[in-house]
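Below is one structure, written out as structure tokens; comments come after it.
Naming: A, B, ... by sequence-line order, numbering from 1 per chain. Note that this is a predicted model, so its numbers are computed, not measured.
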Amino acid sequence: MIDVTSKEIDKKWQMEWSKRKLFEPKIDESKKKFFITVPIPYPSGSMHLGHMYTWTRADIYARFMRMKGYNVLFPQGFHFTGGPIIGISKKIEQKDEKTLWAFKQQGVSDADLKLFAKDPRLLAEYFTESFKSDFKAIGMSIDWTRTFITSYLNEYYSRFIEWQFNTLRKKGLISEGRHPVVWCTKENTPLGDHDRTEGEGESPQKFTIIKFGCGELIFPAATLRPETVFGVTNIWVNEGAKYVVLTMPGNEQWVVSSDSIKKLENQISGAVYARDIEIKDFVGKTVKNPVDGSNLPILALDSVDSDIGTGVVMSVPMHAPFDFYGIETSGKDMGLTPKKIIDVGNENLIKEAINKYGKTKDGLKAATKYVYKKEFDYGIMNKNAGPLAGMAVKAVDEAVSKFLEEKNAYAEMYELTGKVVCRCGTRGIVKVLDKQWFIRYSDKEWKAKTRRLVKNIKTYPEEVSLQLLNTIEWLEDKAAARHGGLGTALPWDKDWVIEPLSDSTIYMAYYTIANTISSLKPSELTDSALDYIFLGKEGQENRKLEGLRKEFLYWYPLDMRVSAKELLQNHFIFFLFNHAAIFGEEHWPKAIGINGWLTVSGEKLSKSKGATLTIKKGLEKYSADQLRFIAAAGNGMDDVEWDPESINGFNQRISFIEQIIKRVPDLHKKSALLDAYLLSKINDFVSKSTESIENFRYESAVSASLFELTNEIKLYLDLGGANSEVLTICINTFLKLNHPFFPHITEELNGLMQNKELLESSDFPVTKTENKNEILENELKVFTNILEDIKTLIKLIKTPPLKITLSLAKKQKFELYNKIVAEAKKTKNPIEIRRVLRSSDNLLDRLLKNPSKIPDRELDEETEYLLFSELKDQISKTFKTNIEIKKESTEEKAMPGRPAIKIES
RNA sequence: GCAGGGGUAGCGAAGCGGUCAAACGCGUAAGGCUUAGGACCUUAUGGCUUAGGCCUUCGAGGGUUCGAAUCCCUCCUCCUGCACCA
């Protein structure tokens with residue numbers, strides 16, 4: 001018996017493939033090429049089952065295409081670019097317990113940890129090697145001659161990235177500008193989601209500042225709804241808060257809450273603290289409304305949050321519940337006259353909202369949300385709104401800022417959508433980075449080009465394409481560089497390092513030359529040399545570059561890129577954009593395959609969670625193929641649950657096949673119809689399996705090739721089939737169909753079959769239409785149904801049967817039956833069928849009685865009879881009794897596909 | 001909030017207008033084999049029946065159709081992404 005969990009078998013075949021260099025393809029003009037990749041992983045920890053899920057999916061495709069006769073390239077590099085490796089190294093140095101625990105879980109020794117603390121590069125290299133050995137151990141058919149790492153640690157790669165950015169810049173797709181980021185003022189770094197203890201997902205939101213003059217001073221009110229300035233009645237401040245004066249560009253003196261100093265200083269260059277003021281002194285004074293020059297009182301209101309915006313708020317009671325309520329309480333006796341400036345077809349919107357949600361803080365918040373949404377969606381500016389009158393609120397944005405600018409009353413600032421706290425404990429703010437390099441993904445022409453690319457790409461599953469197109473719509477400029485972290489410096493501004501999502505967009509092209517590039521010195525890899533290799537720009541031809549150019553032309557474009565869904569709207573979209581910008585249309589990628597996440601007992605495998613389910617640990621318990629059975633867990637983008645118990649099913653099928661292989665030489669019985677049936681039926685599994693693999697539906701593929709196919713062989717044997725020729729065909733088909741999924745064990749069984757050729761070098765099975773016999777398949781189904789029926793009947797009778805008579809329906813009945821079938825293939829509407837057939841036969845009534853059970857499978861009287869006759873002895877044996885098969889029976893109950901059963905006991 | 005994808009038996013997962021009580025797998029139960037366990041084999045696994053039958057289900061509620069898990073509308077709920085983070 002083969003030990004299914006054996007690692008020996010894994011190693012044996014891995015060595016065999018490697019010895020024959022089956023995964024190190026060379027240019028071969030006689031073969032069609034197929035180039036497939038998975039995004040480069042970041043080697044900051046061990047590979048876990050979640051990784052394996054994705055890579056196995058790619059490997060299966062690679063092996064499948066290889067068997068289909070393609071010259072397949074499946075390379076794998078590693079991403080060193082970014083901050084975390086350095087961060088982790090630091091944490092180890094600081095002896096952070098969580099980090100140390102996670103690495104010890106992964107089997108890292110204390111000595112190695114010491115090295116990691118000293119040099120982050122050693123950490124990355126350690127896990128690169130760890131990934132590589134895991135990839136090998138689970139049988140990835142990767143070409144390791146083309147592996148590489150990114151960042152300045154690889155001069156060749158850095159040159160490649162410099163070339164990419166120079167090229168983008170020449171095309172006008174790089175720009176310099178201002179950019180708001182969430183920022184920690186203590187650590188002086190941007191706060192990504194992962195750097196926060198609170199406020200994940202919160203982002204900068206633009207506020208308009210409207211400047212209200214008060215003598216020499218300005219009260220800047222921050223608002224999300226500048227159009228309501230036409231309905232402003234007063235200004236709110238919070239008497240309990242501290243206020244200060246800031247000197248702004250143009251020597252303006254702004255009165256703002258002290259909480260907003262840092263924000264404004266970080267956002268508006270030139271903003272400087274001038275002095276403290278006592279806000280109480282201003283309550284009761286007036287400011288000028290920039291819109292019409294009218295005087296508005298400054299009033300105090302407790303609910304004004306000095307921490308949001310500037311701490312100065314304009315009050316628009318008819319359109320803001322807080323203000324409405326504020327006027328009712330604090331501004332009662334001021335004689336203010338609220339003005340309505342937006343019509344939504346409901347005069348009492350604001351009152352109703354407040355009544356509905358209540359006057360508590362939360363109630364007013366909800367009411368605000370409600371009112372804002374209604375007014376934004378349906379509101380029209382009315383005649384009180386000056387130059388905006390008649391415009392939809394939705395469309396008013398540009399006009400209002402222009403209007404305010406003309407009055408010199410406009411400024412802007414950013415506020416967070418919610419509270420953010422850095423890991424260091426500091427409250428996060430929005431900072432506007434003045435000089436930042438962007439990739440201009442907002443560029444209209446570029447978007448159009450990328451849209452065209454996406455429309456021509458094949459995606460699995462199909463919905464991915466829609467998602468990509470939608471992402472193109474909202475995508476904005478992306479900051480492409482930062483300070484610190486590993487990477488490649490911007491070629492024209494060496495202070496900046498190109499950030500990780502931007503230096504990993506076109507490296508698939510680099511694979512094509514990664515194995516031969518060392519024939520050059522990095523310095524020989526000039527922009528014009530790269531222009532020649534990748535873009536075919538003339539003038540740089542020389543013998544050394546010729547070979548690289550050839551490699552690129554042979555392997556590119558990329559035929560398939562595989563990954564999990566979380567990369568879709570970031571990495572993938574950039575990958576597509578950059579290809580559209582840099583490469584000729586003939587080198588645009590062809591297809592994308594996206595999968596969901598692997599969950600284990602309902603939880604997804606993240607880096608921290610994955611620490612306990614590493615490949616290494618998996619391999620202690622299971623063989624590579626048993627683990628690869630993971631890939632059979634799902635079909636589309638949904639998350640899939642991996643149940644280790646299901647491996648039992650895999651083991652069973654493998655040992656079943658092994659047993660059959662051992663028995664085959666002794667089986668020499670021929671059964672005309674049964675043999676023909678199996679050869680016909682096997683086509684179903686070949687086509688289902690092929691189609692499913694092609695569409696990345698591995699669940700379905702394995703279901704067909706591993707389970708349904710063996711079930712069919714079982715049935716064949718149970719019915720007395722014993723033809724070694726037929727079984728040999730079946731087993732060979734089984735091995736080939738399953739080889740992409742379970743390459744090791746199938747090679748082993750293939751050896752047991754004494755086949756000379758490795759499966760890895762064999763052809764993938766194709767359907768043999770000449771063997772297809774649908775009527776026979778239908779009739780066999782009839783037969784197995786009858787067996788079931790007899791079984792239940794015998795159970796009912798409770799005494800052993802003496803004789804069973806099976807009476808087959810008359811030929812005329814079959815004819816009418818098949819007429820119905822022919823009609824049912826067009827429509828199953830019983831009224832229609834009846835109209836066409838117009839027979840008074842009561843068989844018609846019976847068959848059409850239940851519309852959902854109208855037969856649609858063709859049957860044949862002769863075949864039915866021959867099949868039952870051929871298998872007659874088998875029935876006798878099963879039920880230990882005599883069987884009589886009657887043809888052309890007058891038995892009323894006998895129906896086509898449903899012989900009448902008579903049991904004598 | 002915006003965009004995309006889901007919600008089917010104890011679990012995983014097919015089906016995407018008509019033999020659907022629901023493929024396939026796991027699990028569970030009974031029986032066989034075995035000294036025993038495991039493995040393996042057989043049978044069962046929505047309900048009610050018991051001469052090959054019927055009924056009810058596919059997140060909830062409506063609608064279209066001779067016919068809907070499948071198409072349309074509303075709602076509930078879960079997953080993913082939303083950018084300087086790999």
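When heavy atoms are screened at a 4.0 angstrom cut-off, Thr81(A) is found touching the sugar-phosphate backbone but no base atom. Within 4.0 Å of Leu706(A), counting heavy atoms only, lies no atom of the nucleic acid at all. Nucleic acid contact for Glu645(A): sugar-phosphate only, since backbone atoms but no base atoms lie under 4.0 Å from a heavy atom of the residue. Among the protein residues, Leu568(A) comes within range of no part of the nucleic acid, since none of its heavy atoms lies under 4.0 Å from any strand. Across all strands, Gly83(A) comes closer than 4.0 Å only to sugar-phosphate atoms, never to a base (heavy-atom distances). Residue contacts shown for Ile786(A) include a base, since a base heavy atom lies under 4.0 Å away. The residue Pro899(A) sits close to a base: some heavy atom pair falls under 4.0 Å. No contact: Lys781(A) has no heavy atom under 4.0 Å from any strand. Counting non-hydrogen atoms under 4.0 angstrom, Ala701(A) reaches nothing in the nucleic acid.
Atom-to-atom, CG of Asn785(A) to P of rG52(B) comes out at 15 Å; the value is rounded to the nearest Å. Between Glu788(A) atom CD and rG52(B) atom C1' the separation is 11 Å, expressed in whole Å. A straight line from CD of Glu463(A) to C1' of rG4(B) spans 9 Å, rounded to a whole angstrom. For the pair Asp3(A) CG and rG38(B) C1', the computed distance is 14 Å after rounding to whole Å. Between the P atom of rG25(B) and the CD atom of Glu699(A) lies a distance of 11 Å, rounded to the nearest Å. Separating the CG atom of Leu433(A) from the C1' atom of rA83(B) is a distance of 13 Å, rounded to the nearest angstrom.
Comparing atom distances between the Gln467(A) side chain and each of rC40(B), rG4(B), rA86(B) picks out rG4(B) as nearest.
Under the Watson-Crick or G-U wobble criterion, with both distances below 3.5 Å, rU45(B) is paired with rG27(B).
Outside the 6.0 Å centre-distance limit, the rings of His79(A) and Tyr507(A) are not counted as a close aromatic pair.
Within the 4.0 Å cut-off from OP1 or OP2 of rG53(B), at least one side-chain nitrogen or oxygen of Arg898(A) is found.
For Asn648(A) and rA39(B), a side-chain-to-base donor-acceptor distance below 3.5 Å is absent, hydrogens and geometry of angles not being considered.
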